[in-house]
Amino acid sequence: MKSAKLIQSTSTYKSVYKTTLNQSIVDTFLLQCQSLNEFNQILSQMIVTGFIKDTYAASRILTFSTAKSSFINLHYSRQIFDHIENPNGFIYNTMMRSYLQINHPKETLLLYKLMLKNMKTVYPDTYTYPLLIQASIGSVLEGKEVHDHVVKMGFDSDVYVRNTLINMYAVCGEMMDARKVFDESPVRDLVSWNSVLAGYVQMGSVEEAKMVYDQMPEKNVIASNSMIALFGRCGRMNEAYRLFVDMKEKDLVSWTAMISCYEQGGMYEDALVMFIEMNRRGISVDEVVVISVLSACARSLVLETGASIHGLVFKTGTSSYVNIHNALIHMYSTCADIADAEKLFNSSSHTDIISWNSMISGYSKCGSLKKAREVFDKMPVKDVVSWSALISGHSQAGMFDETIALFQEMMLRGQIKPDETILVSVISACTRLAALEQGTWVHAYIKKNGLEVNSVLGTTLIDMYMKLGCVESAEEVFYKMDEKGVSSWNSLILGLAMNGEVEKSLEMFSEMKRSGVVPNEITFVAVLGGCRHMGLVDEGHHHFDSMINTHKIEPNIKHYGCMVDLLGRAGLLKEAEELIASMPMAPDVATWGALLGACKKHGASEMGERVGLKLIELQPNHDGFHVLLSNIYASKGSWENVAEIRGTMIENRVVKTPGCSIIEANGIVHEFVAGDTGHPRIHEIEEMLDVITERVKMIGYSPDTNEVCFDIDDEEKETTLFRHSEKLAIAFGLMVMDPSTPIRIMKNLRICNDCHALAKLVSKAFDREIVVRDRHVFHHFRQGSCSCMEYW
DNA sequence: TGCCCCTAGC
């Protein structure tokens with residue numbers, strides 16, 4: 001009865017055997033069986049003759065069918081299983097193992113339930129529980145349940161069962177439980193030791209792993225290889241190497257582990273030397289080691305070695321492996337040998353997406369974005385890496401508009417979800433373009449889709465919000481981050497200081513130290529920069545000293561630059577000049593430039609002249625220094641000297657960088673250049689400027705004409721001043737933007753005294769918040785005052 | 001009939 005359905009599918013074969021079946025005939029037949037047809041012949045015969053009722057025969061046919069997954073699918077095997085009248089433990093185990101092998105652990109567990117239901121005729125044995133334990137990997141709860149059954153049924157003394165339990169807990173990251181099973185084991189074999197060791201290795205718990213390894217009664221190659229890899233991952237190269245040298249029997253994997261340790265630790269030369277030594281000793285190479293060593297070549301940009309490895313793998317015939325082929329293309333394109341990359345790429349069948357992606361990133365790295373796009377367009381199937389290579393390629397080439405356009409194209413097509421690399425590229429492009437709306441959209445997308453904001457992505461978001469003047473949003477990102485790296489803190493500290501919240505910035509610096517994150521040299525650039533904004537001379541000195549003495553960080557030229565600027569702005573010009581003289585390295589243009597700025601601010605025209613002339617000598621084509629020096633002369637009315645500077649500027653072909661401000665209004669970015677008359681709404685803007693002037697003059701504005709360095713009369717000076725790009729942008733913002741939205745402006749140069757004074761008064765007279773980011777710092781203008789407290 | 005099995009990547 002039970003066999004009716006199965007016979008149907010096998011009925012065409014019923015007359016093959018006339019003789020009665022026995023095990024020896026079945027065995028002979030199975031030995032030759034190579035297709036489903038042949039299999040069905042014997043199976044139908046077994047059913048018809050009733051030989052299938054023989055438990056041993058049934059187990060043989062089921063074992064055979066589960067082993068031949070190439071022509072018998074598991075569903076069919078299950079049908080056979082269901083037709084076996086008195087399946088024993090062995091038959092259950094075989095079926096359960098098959099489900100496990102095709103990754104259907106749930107079916108394995110269901111079969112166990114069936115087994116328990118039929119407990120009168122069949123019992124789980126020591127072979128059943130390892131299978132069940134493996135089937136419950138992925139759910140600790142299920143694993144514990146199975147563990148309970150093991151104890152209840154009395155199988156917990158079996159070494160196989162215990163070892164599988166150790167492995168299960170270790171894989172699930174439950175090392176306490178793994179360790180408990182291990183410690184309580186009456187018998188421990190090599191597998192027990194290796195399993196518990198593998199758990200610690202996977203967790204990266206190097207001390208625990210080391211302890212287990214040292215206690216092992218006999219050290220096997222696999223355990224030693226794992227330890228080498230673990231030491232490497234933790235950056236403990238010396239220990240990895242010592243272990244490697246001390247190993248009595250090294251195999252190919254030991255060499256590979258050591259080489260990839262070096263490769264991943266950035267010690268590319270050591271990796272290559274080790275590979276050469278391996279070859280010299282005549283140890284054969286495999287795919288894994290070749291890929292590792294090619295990666296070392298790519299990362300260290302040593303094309304020649306890479307090419308000689310190419311020669312070697314060509315000889316051994318491994319170059320035809322797809323993975324090696326791809327690694328070669330990657331190596332050539334990364335080393336900017338795009339011609340050889342192309343040659344290999346064109347010689348392949350183009351079926352592998354990885355080689356296409358390598359070509360895209362190769363062209364991107366060489367700056368051939370057009371070619372990268374061509375390859376991209378020709379690709380039959382694109383994955384997230386293809387988009388990532390193209391998008392980050394454009395971002396790295398400074399093509400920010402294109403970066404965002406590509407991202408929009410990708411989102412529009414809707415097939416690929418962006419990964420973290422893409423998001424980081426797009427967010428930094430938004431930062432550079434001051435495209436806050438677009439950036440905020442990306443952030444909203446991340447939140448909406450519940451994407452993980454890891455340290456890098458979070459830091460990029462903080463950086464964006466801070467550089468676009470949205471302090472609260474930046475802080476929100478920071479507090480929601482799970483893992484805060486030193487760069488996350490740096491972005492926060494730097495951003496707060498940049499936005500005029502220096503006190504908070506310094507508080508965060510203390511908080512950072514309290515939370516155990518070790519500050520690095522960038523942290524101190526941020527901290528000293530904060531002190532500089534507020535003119536906190538004593539505090540600046542204190543942090544500068546603690547950097548050297550407490551944190552053992554050698555000050556670099558940027559730290560000195562900050563200190564010079566801090567002292568100079570505070571009017572301590574002599575002290576600043578002395579600090580420059582005490583620097584262990586040659587002061588750079590920025591350092592002298594800071595001093596020159598300070599001279600201008602404090603009207604120290606004698607020192608200013610000296611420093612200015614020195615700077616012009618150091619960098620004759622820099623526009624800013626000429627302008628600064630010229631301003632120093634202009635402010636004391638030395639028009640002859642001003643004219644002289646203008647002469648040198650013409651002689652040195654210095655072109656004054658025009659001031660340029662951008663403002664994003666209603667999703668569109670508008671650009672204004674000083675003296676601009678090109679904007680389509682320029683007449684309205686000019687009318688608005690008149691309105692502004694009238695209103696602010698009533699509350700005490702008078703143009704600060706000292707800023708204009710040319711010898712022209714005061715009325716004309718005033719007109720020139722009113723063509724400054726930020727004023728045009730402010731007027732435009734007042735015209736078109738909703739009063740509830742702050743007017744955000746990005747300027748390429750520093751904001752001038754006059755524009756600063758005007759912006760303060762506008763914020764009061766028009767009751768509007770204005771945010772101007774200049775080259776150095778943010779100015780949040782609210783109700784007549786500015787967050788920079790007049791330090792900029 | 002079984003448990004552990006290390007090394008690589010756009």
Side-chain angles (χ1 to χ4, degrees), chain A residues 59-60 62-63 66-67 88-98 100 125-134 158-168 170-171 178 181-182 188-199 201-202 220-230 232-233 247 250-261 263-264 271 285-296 298-299 321-331 333-334 341 352-362 364-365 383-390 392-393 419 421:
Chain A
S59 80
R60 291 303 294 261
L62 182 73
T63 307
T66 56
N88 60 12
F90 177 87
I91 291 172
Y92 267 96
N93 292 343
T94 306
M95 201 61 229
M96 287 163 109
R97 185 173 309 109
S98 304
L100 205 56
D125 57 18
T126 52
Y127 292 87
T128 315
Y129 286 98
L131 296 168
L132 290 172
I133 295 161
Q134 283 184 81
D158 184 82
V159 69
Y160 280 89
V161 174
R162 294 197 80 93
N163 288 347
T164 318
L165 277 170
I166 295 170
N167 175 253
M168 184 268 295
V171 168
V181 179
F182 176 81
R188 286 183 209 122
D189 64 5
L190 207 62
V191 178
S192 326
W193 285 96
N194 276 357
S195 301
V196 79
L197 180 69
V201 170
Q202 181 202 275
N220 58 87
V221 185
I222 291 177
S224 304
N225 291 347
S226 310
M227 283 309 290
I228 293 175
L230 180 62
R233 251 188 283 151
M247 276 174 82
K250 295 186 241 305
D251 65 3
L252 169 60
V253 178
S254 323
W255 286 87
T256 311
M258 202 55 231
I259 288 169
S260 70
C261 272
E263 192 257 320
Q264 274 170 11
V285 299
D286 73 349
E287 211 177 337
V288 180
V289 73
V290 168
I291 288 169
S292 185
V293 87
L294 280 175
S295 168
R299 284 181 201 277
Y321 292 1
V322 171
N323 292 340
I324 291 186
H325 189 85
N326 290 336
L328 282 166
I329 295 175
H330 177 233
M331 184 273 296
S333 62
T334 309
D352 198 73
I353 197 164
I354 296 177
S355 60
W356 287 90
N357 290 345
S358 288
M359 289 310 289
I360 295 174
S361 60
S364 297
K365 267 171 210 146
D383 66 2
V384 66
V385 182
S386 327
W387 283 99
S388 169
L390 194 67
S392 55
D419 67 0
T421 325

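Numbered from 1 within each chain, the chains take letters A, B, ... in sequence-line order.
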Q. Among all residues two or more places apart in sequence or in another chain, which pass the side-chain hydrogen bond (donor to acceptor under 3.5 Å, both in side chains) test with A/S224?
A. A/Y213
Q. Excluding sequence neighbours, so at least two apart, what forms salt bridge (charged side-chain N to carboxylate O under 4.0 Å, His left out) with A/R60?
A. A/D27
Q.
What's A/R162 touching, base or sugar-phosphate or nothing? Going by heavy atoms closer than 4.0 Å.
A. nothing
Q: List for me each residue that meets side-chain hydrogen bond (donor to acceptor under 3.5 Å, both in side chains) alongside A/D158, sequence neighbours excluded, and say none if there are none.
A: none
Q: With heavy atoms under 4.0 Å as the rule, sort A/T126 into base, sugar-phosphate or nothing.
A: base
(Q) What is the first contacted nucleotide of DNA chain B and what is the last, in 5' to 3' order, if contact means an atom lying under 4.0 angstrom from a heavy atom of chain A? (A) B/dT1 to B/dC10
Q) Which part of the nucleic acid, if any, lies within contact of A/N326, taking any heavy atom under 4.0 Å across all strands shown: a base, the sugar-phosphate backbone alone, or nothing? A) nothing
Q. Side chains of A/K250 and A/V221: closer than 4.5 Å at any heavy-atom pair?
A. no
Q. Base, sugar-phosphate, or nothing: which does A/N167 touch, judged by heavy atoms less than 4.0 Å apart?
A. sugar-phosphate
Q.
Under 4.0 Å, heavy atoms only, any strand: does A/T94 hit a base, just the sugar-phosphate, or nothing?
A. nothing
Distance-only donor-acceptor hits, side chain of residues 252-261 of chain A, under 3.5 Å, sequence neighbours excluded:
from: A/S254; atom 1: OG; to: A/N225; atom 2: OD1; distance (Å): 2.8
from: A/S254; atom 1: OG; to: A/D251; atom 2: N; distance (Å): 3.0
from: A/S254; atom 1: OG; to: A/D251; atom 2: O; distance (Å): 3.3
from: A/S254; atom 1: OG; to: A/D251; atom 2: OD1; distance (Å): 2.7
from: A/T256; atom 1: OG1; to: A/L252; atom 2: O; distance (Å): 2.7
from: A/S260; atom 1: OG; to: A/T256; atom 2: O; distance (Å): 3.3
from: A/S260; atom 1: OG; to: A/A257; atom 2: O; distance (Å): 3.2

Q: May I ask you to say what A/N220 touches in the nucleic acid, namely base, sugar-phosphate or nothing, with a heavy-atom cut-off under 4.0 Å?
A: nothing
Q: Under 4.0 Å between any heavy atoms, over every strand shown, what does A/Q202 touch: base, sugar-phosphate, or nothing? Just pick one.
A: nothing
Q. Hey, does A/T256 reach any base, or is it just sugar-phosphate, or nothing, if we go heavy atoms under 4.0 Å?
A. base
Q: Just call it for A/E263: base, sugar-phosphate, or nothing, with non-hydrogen atoms closer than 4.0 Å on any strand.
A: sugar-phosphate
(Q) Under the rule for side chain to side chain contact (heavy atoms under 4.5 Å, CB included), what residues qualify as partners of A/T334, not counting sequence neighbours? (A) A/A298, A/L301, A/H330, A/K365
